[in-house]
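We use all heavy atoms of the structure for the numbers below, so side chains are in, but hydrogens, waters and symmetry mates are not.
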Amino acid sequence: MPRFSIIVPSHGVAGRLSQALDSVLAQSYGDFELIPVCDAPGSPAADVADAHAGRDSRVAPVHSPPSAGLSGARNTGLRTATGAYVLFLDGDDTLAPGALAALDARLTETGDVDVLYVEHERTPWWEGEPTNPAAPLLAKTPAGAFSPAQAPQLTGVQLPAWSAVYRRAFLTDNQLAFPEGPFTDLGWGGLVTLAAGRVAVLRSVVVRHLLRRQGSRLNLPGAHHHQLLDQVDMVLTRAAGSDLSAALFEQLFAVVLKTASRPERLPSGHRAFFRRAGRLYRTHRPAGFRAPGGSVGVQHRLLASGAYSAFRALRGANRSASEAAERVPRPRMLRTRLRYARDLRRPLDPNLAVYCAYWGRGYACSPAAIHAKAAEIAPHIRSVFLVEPDAVDAVPKGVEHAVIGSRKYWEALARAKYLVNNANFAEGVVKRRGSVHVQTQHGTPLKKMGVDQSTYPVVAAATGSFAKLLGRVDRWDYNISSNRHSTQMWERAFPGSYEALEYGYPRNDVYYSATADEVARIRRELGVPEGKTAVLYAPTHRDYQTGFDTGLDLEAFCAAAGDDVVVLLRAHYFYDQGRAKSSGRIIDVTGHRSSEDVCLAADALVTDYSSIMFDYANLDRPIVVYADDWDVYRETRGVYFDLMEAPPGPVARTPEELAQVFRDGSYAGAESTSLRAEFRSRFCEFDDGLAAERVVRRVFLGEPPEAVPPVIPLAERVPAPAATLVRS
């Protein structure tokens, strides 16, 4: 029997689950079993848990459906546990270094207590200065083991379930389980307190709890707040006549009054909540109970008497919660913005969709792919693409568009139900109730993104206000992902309440639908000579440099790589032109509208750290990484994984090494093929040619998740053919 069973529910926290599990496995004290509780086999969290189980036999994942909630997940873990003591972590929490050794030492000192309460840190989501709210509470308790009645101010009601360690036999003997409902910790804490005979405290931090940016789900508006009263009723019914009834009554009704004083949490049914709370107050009030003094005591008396109107007046609750809704930016409004404010008062157009890509640079990327698919299978949707004035001429014939900043632009943004973007809409755009914002992203993250950039000074300075960035994230309803790595990194980089759609990137659909004739046509349009091997060179942006630099002598590369090689140069989209004139064997394709066309035309890709490698891998054509400044890039930009340890093909550090892999053919050899296969299995997970259809069916047509086309297995996909490559 292990000393400890550590149960880790993981629903909705796959992005940080590995950190939680690693914090346990890194403990100096090793007599434990680690039980991650995952939604279902094959879910993102389950993949993380299974990977840890493959490395350490102490990890034993189990599964609990999301419908069972947090209580169901914890109870599933409890049924599986075999340890002498049980403790819980949330999936985005971590154990403090040395925590298990400290627990073992304290339990050895106190003997077999039923519950050991511990301190915990609450860390802001941006990893700011932590607080330790349990410390003052635990400081007032006896030094050794004691009965709960000796310290009635300390009950499980005041602490989360993960701020204590429980003797498993005590839980089993008393048939204790987490009650159903969102306020399960409250009910659990009360039941544990009433059943416990001997408890103790450990005055050191055991758990580091990460506060979510979007706050606790329990504080969100909704009818779930009525279930708080169910837990209160259950605990106080069980507590009737006990020595702890008065303490539990006061502590539980402190929570009830906090909710009652925030009517915005109950947009409807607030009066019913108050009246039921009053009835419970009168039913369960212990004999001789004296309400606290001051304004809190007044609230107790008003609740006991059912004086709803007086209570609202006391708390200043007559302010309507709707006052904060749909605020319109007012300073320095132009005439069109004033019209925008007027249009925001008009009904949403349920059949209007607005699209934008790369801040209006043109008709491109996943928004364009979704636009095209919507025209095919959701023709009732009127679609308007937003573009900058200098991109108007490049908009395909038949695509309705609006120039950014124009009257039509603001009207479309005000009225559209659907808003699709691969970046973000302008700061002044209002997220209307009932509108649906779809963030498509425009690449798989190797480099740090979003708030993860905050610790990299060069990048953070260029990013601007992270508060404004997160305000834009709050507009997202859906965020599209092409692989589970992306899902997890977006969750960290852009914390929000959106739903991840693991549907693949719509822009990559063409890699499975393009024909040999289309590939040949694109090559002719780009000027690729017949029979030549077209190598796409696509370097990424360097935050520590200004202006565009190819980073490679392309003429020298062509001369050294072989007579049949031509280079397609595509600079990062931050630069309008590649700054290298097309000449001889170098063709500058930076200005070409579609990066997908350029990839289809190329027989191989050379890039440094650009996310284009993840998209190009769908074509199953050779990729070479030119990493002449990897160490500098990694230190200044920050990365999510070591590309040098898991590249999609050969890695060259110098121009000579790069030319050599083409000259000797190893760029397309067996080792290259093997590396690419591993890379594709990890990063081309959901890209199968049907991504745009999934998005349109789910978002525009309202089909349920189970009705959208399933992902085609990687082994069954057939990428568009290359023009000249003969695979080894």
Side-chain angles (χ1 to χ4, degrees), residues 325-326 328 340 343-387 395-396 398-404 406-442 471-481 490 494 496-507 509 690-705 707-709:
E326 295 189 356
V328 178
Y340 176 60
D343 288 336
L344 286 171
R345 294 191 291 271
R346 298 170 62 192
L348 286 173
D349 185 338
N351 295 320
L352 177 60
V354 167
Y355 303 79
C356 192
Y358 300 115
W359 303 276
R361 282 184 168 87
Y363 184 81
C365 199
S366 290
I370 297 171
H371 175 278
K373 184 57 65 173
E376 177 186 336
I377 65 175
H380 64 286
I381 298 292
R382 175 194 167 205
S383 297
V384 178
F385 221 95
L386 309 180
V387 294
V395 176
V399 173
E400 184 178 356
H401 65 275
V403 175
I404 291 177
S406 68
R407 169 74 186 96
K408 182 177 180 180
Y409 163 86
W410 286 109
E411 180 181 16
L413 286 173
R415 302 290 312 286
K417 177 173 182 177
Y418 307 103
L419 297 95
V420 182
N421 206 325
N422 74 349
N424 268 304
F425 289 98
E427 196 70 40
V429 172
V430 173
K431 173 68 166 76
R432 294 189 64 180
R433 185 179 292 112
S435 66
V436 179
H437 285 237
V438 180
Q439 169 59 250
T440 73
Q441 301 294 345
H442 51 271
R472 296 189 288 269
V473 170
D474 286 340
R475 297 190 299 221
W476 303 355
D477 294 289
Y478 297 108
N479 185 38
I480 297 177
S481 171
W490 296 145
F494 303 114
S497 57
Y498 53 81
E499 177 182 351
L501 296 182
E502 293 183 321
Y503 287 174
Y505 284 148
R507 71 179 184 185
D509 287 353
L690 300 176
E693 180 177 349
R694 292 188 189 98
V695 174
V696 173
R697 291 193 179 280
R698 176 71 188 282
V699 177
F700 294 169
L701 298 180
E703 296 183 4
V708 303

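Across A364 and A357, no two heavy atoms sit closer than the pair O-CB, 3.5 Å. Shown here for A353 and F700, the closest heavy-atom pair between the two residues is CB-CZ, 4.2 Å. Here the shortest heavy-atom pairing between V696 and A374 reads CG2-N, 3.8 Å. The two atoms that bring A369 and P506 nearest to each other are CB-O, 3.4 Å, heavy atoms only. When all heavy atoms of V473 and G496 are compared, the pair lying nearest together is CG1-CA, 4.3 Å. Looking at every heavy atom in both residues, D477 comes nearest to V436 through OD2-CA, 3.2 Å.
Using a 4.5 Å cut-off on side-chain heavy atoms (C-beta onward), E693 and D509 make no contact. Proximity of Y340 to V430: side-chain heavy atoms (C-beta onward) are separated by under 4.5 Å at one or more points. Using a 4.5 Å cut-off on side-chain heavy atoms (C-beta onward), F425 and V354 make contact. When side chains are defined from C-beta on, V699 counts as touching L501, because their heavy atoms get closer than 4.5 Å. Counting heavy atoms from C-beta on, the side chains of Q439 and N424 come closer than 4.5 Å.
The ring pair (Phe, Tyr, Trp, His ring centres under 6.0 Å) search around Y363 returns H371, F385, not counting sequence neighbours. Residues forming a side-chain hydrogen bond (donor to acceptor under 3.5 Å, both in side chains) with S366 (at least two apart in sequence, or on another chain): none. By the side-chain hydrogen bond (donor to acceptor under 3.5 Å, both in side chains) test, R475 pairs with no residue at all, sequence neighbours left out. With sequence neighbours excluded, the residues that form a ring pair (Phe, Tyr, Trp, His ring centres under 6.0 Å) with Y498 are W476. For Y503, the ring pair (Phe, Tyr, Trp, His ring centres under 6.0 Å) criterion is met by no residue, not counting sequence neighbours.
Annotation: the span from Y505 atom OH to I370 atom CD1 amounts to 11.5 Å, rounded to 0.5 Å. Interatomic distance, CZ of F494 versus CG of N479, reported as 8.0 Å (0.5 Å rounding). Rounding to the nearest 0.5 Å places CG of L419 at 4.0 Å from NE2 of H437. Distance check, rounded to the nearest 0.5 Å: CG of L352 to CD1 of I381 gives 8.5 Å.
Between the side chain of R694 and the main chain of G504, no donor-acceptor pair closer than 3.5 Å is present. Between the side chain of N422 and the main chain of Y358, a donor-acceptor pair closer than 3.5 Å is present. Looking only at distances, no side-chain donor or acceptor of N351 sits under 3.5 Å from a matching main-chain atom of R382. Distance alone, capped at 3.5 Å, places no donor-acceptor pair between the K373 side chain and the L690 backbone.
Judged as a salt bridge (charged side-chain N to carboxylate O under 4.0 Å, His left out), the pairs with a partner in residues 410-423 (not counting sequence neighbours) are, in order, R346-E411.
A salt bridge does not link R432 with D343: none of the charged nitrogens is closer than 4.0 Å to a carboxylate oxygen.
With R698 as the partner, the salt bridge (Lys or Arg N to Asp or Glu O under 4.0 Å) test is satisfied by one option alone out of E499, E502, E703: E499.
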